[in-house]
Amino acid sequence: KHSSSESNAYYGRPIRRLVCLTERVEDLVAEFNRRIGLGAVNKSDADKMDSDDPDKNRRYRSFKKLMVWCPSARNLLRSSAEHEILAFAYNKLNEGSDGARGDDSASLKCAVADWLMERTPTPNPAIHRQDKSGRGFYNDVTGGLLCPVDYDWSNHTVRASIRDYHPDFRITACSWPTFLYEDGCYDPQNPTNGLFKGKLLLKAFKRVFTSPTSTYEEQPADLAARSVRNKNSGERRTRRDLRFALSSAGSWRIVDDEFNHQEFYDNIVDYLELPPSPEAAKDVDDLLLWWNQKVFGRKFVSDYRPQHANKMSVAMTLARR
C-alpha cells in the first residue's frame with residue numbers, strides 16, 4: 001500500500017503541468033460522473049453534454065486531459081475500488097501535482113533571476129535569486145515585463161500610478177502582460193501578432209519540459225526532440241509560472257493583489273482551445289507549430305504535424321488505377 005501511495009504521488013506530478021492549474025482530481029472526476037448521471041452512457045456521450053456554466057466545461061476538458069496525461073487516474077476510474085481507497089489515491093495524486101508546482105516555481109525563481117541579470121545593461125537594483133521582495137513592480141525590469149500591454153511602462157507617470165495602485169491603472173487578468181509578446185511589442189490594431197512568443201516564456205518552458213541547459217540552445221538538441229513529444233498543454237501553465245516568478249509574491253496564491261492567476265490561465269486556455277472561427281483555429285495551429293519548431297526542432301516536424309498522405313499525389317494516383 002505504501003508503494004502504491006508513493007506511486008500515485010509520483011504519477012500526479014504532470015497534473016499541474018499539463019492538466020489544470022488548481023482543480024483537484026476528485027473534482028474533475030466528479031464532473032465526468034455528473035454527466036454520466038445526466039444520461040451519458042460513455043465518454044463520447046459525455047463529450048457532447050456541454051453546460052451553460054463555462055467553469056464546468058473547462059473542468060470537463062481538464063478531466064479529458066487527466067485521462068491522457070495521468071494513466072494512474074485513468075486506471076483508478078476504471079477500477080472497482082471502494083470510495084475510501086479512491087479518495088486516498090486521489091489525495092496522493094493531488095499531493096504529487098502540488099509538489100511538482102512547488103518544485104517548478106522554486107526552479108524558475110532562481111532561473112529567471114539569472115536570465116534577467118545576464119541582460120545588458122545589468123538590472124539595477126539587482127534581481128536576487130532567492131529573495132523575490134525586490135521583483136514585481138518594485139523593479140523596473142520585472143515591472144516592465146509584468147506591465148499590461150494596455151499601459152506604457154516607459155511613461156514615468158504610468159509607472160508611478162501602477163505602483164501607487166491608482167484605479168485607472170489596475171493590474172488584472174483583463175490585460176495580457178508584456179512578457180507574453182515577442183520582443184514585448186503589442187499592436188492594438190493586430191493584438192494577436194507576437195502573442196505567446198516572448199523569449200523569456202520560451203526559456204521557462206524549455207527549463208521545465210526539456211532541460212535547464214536547453215534554455216541556452218538556439219536550436220533544440222536532437223535527443224530532446226526525439227524523446228519529448230508535443231506538450232502544448234504545458235505551455236499555458238508555463239505562462240502562469242513565469243508571471244509568478246517575475247512577481248514579488250513570496251508564496252504561490254491564486255489571487256496576487258488584484259491579479260487572478262486562475263482567470264489568467266483560463267483566458268489562455270480558452271484562446272488556445274476555443275477558437276471562434278476557422279481563421280482563428282489556423283492562427284492557433286500556426287502558433288503551436290512555431291512552439292514545436294522552437295522547442296523540438298524543425299527537422300522533426302513530421303512528429304507533430306504529420307502529412308495528410310491520403311490526399312497527396314501517390315495516394316491520388318493509386319486511387320485512380
Side-chain angles (χ1 to χ4, degrees), residues 1 4-5 7-98 100-101 173 229-237 240 254-255 260-285 288 306 308 310:
K1 186 175 180 179
S4 176
S5 65
S7 176
N8 282 328
Y10 173 78
Y11 287 118
R13 292 183 67 82
I15 294 174
R16 292 288 169 260
R17 292 171 174 167
L18 299 169
V19 175
C20 58
L21 182 63
T22 59
E23 296 277 10
R24 318 310 288 172
V25 171
E26 59 270 24
D27 294 330
L28 303 183
V29 174
E31 175 57 25
F32 173 69
N33 289 337
R34 185 187 71 83
R35 296 183 180 219
I36 295 296
L38 291 175
V41 176
N42 50 38
K43 182 176 172 294
S44 179
D45 285 347
D47 289 351
K48 302 171 185 175
M49 299 178 67
D50 273 352
S51 169
D52 293 332
D53 184 347
D55 288 335
K56 289 181 179 178
N57 292 333
R58 289 191 188 103
R59 194 171 298 128
Y60 182 68
R61 296 204 305 272
S62 293
F63 166 79
K64 293 201 293 183
K65 293 172 200 161
L66 181 72
M67 294 297 99
V68 171
W69 294 109
C70 189
S72 183
R74 187 169 64 243
N75 293 337
L76 286 167
L77 187 66
R78 293 171 177 171
S79 73
S80 56
E82 296 179 359
H83 174 76
E84 292 76 10
I85 295 176
L86 287 176
F88 180 78
Y90 290 157
N91 185 58
K92 284 299 178 182
L93 288 172
N94 291 328
E95 285 182 12
S97 67
D98 291 340
R101 177 171 61 196
R229 291 293 297 270
N230 188 333
K231 285 188 174 63
N232 293 322
S233 299
E235 294 169 22
R236 59 209 72 172
R237 213 287 317 257
R240 191 279 306 169
I254 295 177
V255 180
N260 189 312
H261 286 100
Q262 182 67 60
E263 184 180 345
F264 177 51
Y265 179 87
D266 289 342
N267 289 341
I268 296 169
V269 171
D270 289 351
Y271 178 90
L272 295 173
E273 295 185 355
L274 302 174
S277 66
E279 293 77 14
K282 184 181 183 305
D283 287 343
V284 170
D285 285 344
L288 297 181
H308 297 291
N310 61 323

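Predicted model only: the values in this text are computed from it and were never measured.
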Shortest non-hydrogen contact between I254 and Q262, atoms and distance: CG2-CB, 3.9 Å
Exam field: side chain R35 to backbone K43, donor-acceptor pair closer than 3.5 Å: no
Distance-minimising heavy-atom pair for R16 and T22: NH2-O, 3.3 Å
For Y90 against V25, the heavy-atom pair lying closest together: CD2-CG1, 3.5 Å
Which atom of R74 lies closest to which atom of V68, heavy atoms considered: NH1-O, 3.9 Å
Between CZ on residue F32 and NZ on residue K64, distance to nearest 0.5 Å: 11.0 Å
Side-chain donor-acceptor pair present, N91, E95, cut-off under 3.5 Å: yes
Distance (rounded to the nearest 0.5 Å) between D55 CG and E31 CD: 10.0 Å
Gap separating the CG atom of L77 from the CG atom of L28, nearest 0.5 angstrom: 11.0 Å
Charged N-O contact under 4.0 Å between D285 and K282: no
Residue pair S72 / K92, side-chain heavy-atom distance below 4.5 Å: no
Test: R59 and D53 ion pair at under 4.0 Å: no
Interatomic distance, L274 atom CG to N57 atom CG [nearest 0.5 angstrom]: 8.5 Å
N/O donor-acceptor pair under 3.5 Å between R13 side chain and S97 backbone: no
Approximate separation, where rounding is to 0.5 Å, of C70 SG and K65 NZ: 14.0 Å
Side chain to side chain contact (heavy atoms under 4.5 Å, CB included) evaluation trace for D27 with F63: CA-CA 9 Å; D27 294 330; F63 166 79; over 6 Å; no
Inter-residue atom distance L18.CG - L66.CG, 0.5 Å rounding: 11.0 Å
Heavy-atom closest contact (S51 atom, K56 atom, distance): OG-CD, 3.7 Å
Salt-bridge present (R24, D98; N to O < 4.0 Å): yes
Pair D270 + R58: basic N to acidic O under 4.0 Å: yes
pair L93-L76: side-chain heavy atoms closer than 4.5 Å: yes
Smallest separation among heavy atoms of Y60 and A46, with atom names: OH-CB, 3.3 Å
Step-by-step side chain to side chain contact (heavy atoms under 4.5 Å, CB included) determination, V269 to C20: CA-CA 10 Å; V269 171; C20 58; over 6 Å; no
